[in-house]
Amino acid sequence: MTDSEDISISANLTPLPDRVGVDGLEDKWRGVWDEDGTYTFHNPGERSAVYSIDTPPPTVSGHLHVGHVFSYTHTDIIARYKRMNGFEVLYPMGWDDNGLPTERRVQNYYGVRVDTSLPYDPDFKPPFEGTEGKKIQAKDQVPCSRRNFIELCERLTAQDEKLFENLWRRLGLSIDWSQTYHTIGEHPRRVAQKAFLRNLARGEAYQKDAPGLWDVTFQTAVAQAELESREYPGFYHRIAFRFEDGTPIYIETTRPELLSACVALIAHPDDERYKPYFGKMVTSPLYNVEVPILAHPAAEMDKGAGIAMCCTFGDMTDVEWWRDLHLPTRSIIQRNGRIIMDTPDWIRDAQGRERFAAIEGKTTFSARKEVVEQLQAAGDMDGEPKPTMRMTNFYEKGDKPLEIVTSRQWYLENGGTNKRLNAELIERGKELNFYPDFMRVRYENWVHGLNGDWLISRQRFFGVPFPLWYALDEHGEPDYANPLTPSEDRLPIDPSIDVPEGYSEEQRNQPNGFMAEPDIMDTWATSSLTPQIVTKWAEPGAENESFFKSTFPMDLRPQGQDIIRTWLFSTIDRADLENHCLPWANATLSGWILDPDHKKMSKSKGNVVVPNEPIEKFGADAVRYWAASARLGLDATYDEGQMKIGRRLAIKLLNATKFALAIGREDENHHVGEAATATWNPQDVTEPLDRAAMAKMAKVVYDATESLENYEHSKALEAIEDFFWQFCDDYIELVKNRAYGTAESTGSTPSPQAVKSARTTLGLGLDAFARLLAPFLPYTTEEVWSWMHAGEGSVHRAPWPKPLTYAAAAFKASPDLLAQAGQALTALRGIKSKAKVSMKTPILSVMLNVNDELHDALVPALGDIAEAARVTGRITLRKASDLMEKYARPKDGASDDAAPAETTEEETIIVSDSELGEPPAKKPKQ
RNA sequence: GGGCGAUUAGCUCAGCCGGUUAGAGCGCCACCUUUACACGGUGGAUGUCGGGGGUUCGAAUCCCUCAUCGCCCACCA
């Protein structure tokens, strides 16, 4: 095989449609891709031949959003690009269907709630179906077993997943649907439990009975990563504690209802105002409980009165003081957020006990009101409460401030307490390529700022259960210190159904028997393992082992910037602990979608655009074009104008390709009904203008490739698109007559070689554009590809173009000639535009005054230029030096030659002495 | 309070490791139905590059500062 055969492109040309359009292409090609398995991943058995993508599993909430199509398009462009570069692309889809959002929807949709004491009922029928929107009162909700509830969760999410899948398919995501997982599915459960058991065995997972953040609405513990600070209105209350002699000492608090939980007053050790009192005792108002005044550096002198009431627990600072100063625990808040029902024994004062009885069982809100009234009545409050806005921690999905509750929870090391691990995770962050790079800072900030390990247990129902049981002693008390674990080959298990080795079901919850760990893992504890899930880390068998080796560590994690601290970080944590490496080499971070008023689109704002609408209106390729024109990491404005441009680009590609392929094959009605073959050999490109076009193509291919290698899809698209329009507007216009083999205007018939050169360049060019645009406009490019490569498979499996092919065709020509010829053409069109006549009007004669370099460059393309501009008479090029002479003399004729000196500097081509002919007679409309 | 982005034509955005007259598309104006395309074509007008300072022969580009918008982290007495 010689070099020239190596790079020439053979085409199988089909008959062409008389009219083309983008509508209908989606249905046509989606079916073909499914049938042909165009996007199916085939394990090549070696890591270097694979590009693997850790697709974000969207929360299936039943609500779709254009933001979804935005970021997923970015990833799809990369997937398609890598596939065309010969990689087997593992591009799976996942659904995040476990967790609270699903639970809440199921409760409302079916009108049920979990009662863990109920047994599974295989014939359970929920009282409602599809009641969303209508408010089902809590009292109307029918209790059901956890397993029944989970079945309902699965039923509902299956419906939502179908909606999402339809959208993704419509959008043209090149996902291998056979690799789909959902986070509550069997395989992810196995991964989550296996990874947890290994963390446990290595001592990275542990349980602790400690104060922690607690959501009173959902009645579950929450993790640091799920916190959200929000402004919350409150009041400062100035309250008097008293020394033995009755002297008051004032503290300020926004939470007077916690007065009875006070264990100390705390001031800064350097605070001169309070230094004399450290170590002294004071008594609390209302309850007359003695508490010490202590020093701690976390107290801030300029906050409130400078001395704070430490309660167990009002906030995380209280916890810090309590821990550091070994203070007693006096909890008064229950897990449901209400005050405890029994008057605590540390209140001994009879009147104090009476006062406490008045707030028993109340919410913090009404207890606060009661306590304030009591304080005012007792004369222990100074002045009126002063309103304030303060930042308060909320669970990101909750709407009541978090309380701090002591409970037994499971934790996983994440560098929040282990310094060595923290440093290691920072280091992992440095190894990872972030796109854009500045996102790395957010990761580092977060890891540096961790103040505790990752709380992974949740007191909820729909999620992956901990694979644990506890032995019960003769009194029925669990031995938490020595959990019972299943062997890995039993996974996944549900401890509330399955039985630990060596026990029988009858022993469940019996003295000397066992009990299941009731908690489930947080959603992120499963989601943090998506790389292990999609690469089949936990699946047994040689085939899966090979799969894992070919795909892990993965290549790409695309995700939203808002979940760097959760998903990105926790995934790195898990892979570091389990696999001792980064889970992927690259992470791409998407920005937000803003509505046309630059407000972030969100459901609560009511400005969400449902993605089906623009796809319906403009077509999937057009919507993708809009998404593709935004850079990673930057917010993008929802812009239908951009979609219109995308649609226009797609239509142009269809028409230009049809036109180029039709040349020389048309019958008298311009209809192409016959199939044909063609060989586009770069060596047949012989004309200067054609070579210039190919030189430009080589550069564009090179630039686009470089941009895509750097995950800069928008830059690649811009380069390709720019040249595509230049190719259509200038190059095709300049050569179409030559390609036809006719020369109507100049009267000189082009040589067969010149004709072939033009046709070859058109073929090579449009073949290249189909490939270059394939990642962006998959439907349109597949359509045009099918016209020129019938029976050769999909463009999406065709090789990405190489600069070498076009450089060979360019034969060392400069790309500049194309631009220069384009300028000349523009100048000639300008004559007609200014004269307000049809472009068909012949130019009888014209003089083009150009600078010296341009003069020499344009000479070889003059024939094409004259032909394209319909110059029927003389076209003369004159050098700038001669031009100056001309302007030295007064001149006659047209007035568009004003200000010669300036004009000479600003324009490279000046038209003079032009003479137009008669416009041709208008043809009657057909 | 600490940090990260953004700020360029009416709109959406390029350009930013300093260097000729700051670009594109949309929109706008005028014209043209031309053997691919009216879902079209051709031509044209449009900017104190957020403000202010500085470095430099030269700044949209580098430095300082301020402002506005968005986001992240911290902030519950």
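Order of the sequence lines fixes the chain letters, A, B, ..., with proteins taken first and strands second; residue numbering starts at 1 for each chain.
The I645(A) side chain lies nearest to G25(B) when the options are G41(B), C32(B), G25(B). If you check A36(B), A6(B), U34(B) against the side chain of F659(A), the one that comes closest is A36(B).
The nucleotide C28(B) finds its pairing partner in G44(B), both defining distances of the Watson-Crick or G-U wobble pair being shorter than 3.5 Å. Base pairing annotation: G23(B) forms a Watson-Crick or G-U wobble pair with C13(B), both donor-acceptor distances under 3.5 Å. Under the Watson-Crick and G-U wobble criteria, each requiring two contacts below 3.5 Å, nucleotide C4(B) is paired to G70(B). Remark: U61(B) base-pairs with no nucleotide; criterion is Watson-Crick or G-U wobble with both hydrogen-bond distances under 3.5 Å. Partner assigned to U34(B) is none, using Watson-Crick or G-U wobble distances below 3.5 angstrom.
Atom CD of E228(A) and atom P of C75(B) are 15 Å apart (whole Å). Look at CD1 on I831(A): it is 23 Å from P on A30(B), rounded to the nearest Å. Atom CZ of R230(A) and atom P of C73(B) are 13 Å apart (whole Å). Atom pair K644(A):NZ and A38(B):C1' shows a separation of 15 Å (rounding to whole Å applied). Computed from coordinates, the H670(A) NE2 to C37(B) P distance equals 9 Å when rounded to whole Å. For the pair W592(A) CH2 and U12(B) P, the computed distance is 20 Å after rounding to whole Å.
The side chain of K834(A) contributes no N or O atom lying less than 4.0 Å from OP1 or OP2 of C31(B). Between T826(A) and the phosphate of G43(B), there is a side-chain N or O to OP1/OP2 separation shorter than 4.0 Å. The side chain of Y740(A) contributes an N or O atom lying less than 4.0 Å from OP1 or OP2 of A36(B). Look at K715(A) and you won't find any side-chain N or O under 4.0 angstrom from OP1 or OP2 of G15(B). For C31(B), the OP1/OP2 oxygens have no side-chain nitrogen or oxygen of R829(A) closer than 4.0 Å. Contact annotation: R565(A) side-chain N/O to C71(B) OP1/OP2 distance is not under 4.0 Å. Look at T317(A) and you'll find a side-chain N or O under 4.0 angstrom from OP1 or OP2 of C76(B).
A gap of 30 Å separates the P atoms of G70(B) and G27(B), to the nearest Å. A gap of 33 Å separates the C1' atoms of G10(B) and C17(B), to the nearest Å. For U55(B) and C62(B), the C1' atoms lie 8 Å apart once the distance is rounded to whole Å. G51(B) and G3(B) have their C1' atoms separated by 23 Å, given to the nearest Å. Distance noted for atom P between U61(B) and G19(B): 10 Å (whole Å). Annotation: A24(B) and U42(B) have their P atoms spaced 14 Å apart (nearest Å). One C1' atom belongs to G23(B), the other to G47(B), and the distance between them is 11 Å to the nearest Å. Spacing between A14(B) and U56(B) at atom P, rounded to whole Å, works out to 32 Å.
Under 3.5 Å, the side chain of R390(A) and the base of C76(B) form at least one donor-acceptor pair of N or O atoms. Counting atom types as modelled, T254(A) pairs no side-chain N or O with a base atom of C76(B) as donor and acceptor under 3.5 Å. Residue-to-nucleotide contacts include a donor-acceptor pair under 3.5 Å from the side chain of E733(A) to the base of A36(B).
Between the side chains of E721(A) and Y625(A), a donor-acceptor pair is found at a separation under 3.5 Å. Remark: the T254(A) side chain and the R390(A) side chain contain an N/O donor-acceptor pair separated by less than 3.5 Å.
Under 4.0 Å is where a charged nitrogen must lie from a carboxylate oxygen, and between E706(A) and K715(A) no such pair does.
Toward the 5' end of RNA chain B, the nearer of the two residues S629(A) and G641(A), judged by each one's closest nucleotide, is S629(A).
We find the CZ-CG distance between F776(A) and L649(A) to be 10.5 Å, quoted to the nearest 0.5 Å.
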- prompt: Are I293(A) and I249(A) close enough, and set up right, to give a side-chain contact (heavy atoms from CB on, under 4.5 Å), and what steps lead you there?
  reply: CA-CA 10 Å; I293(A) 299 178; I249(A) 180 167; 3.9 Å; yes
- prompt: L16(A) and E666(A): side-chain contact (heavy atoms from CB on, under 4.5 Å), yes or no, with the steps?
  reply: CA-CA 10 Å; L16(A) 294 168; E666(A) 295 161 295; over 6 Å; no
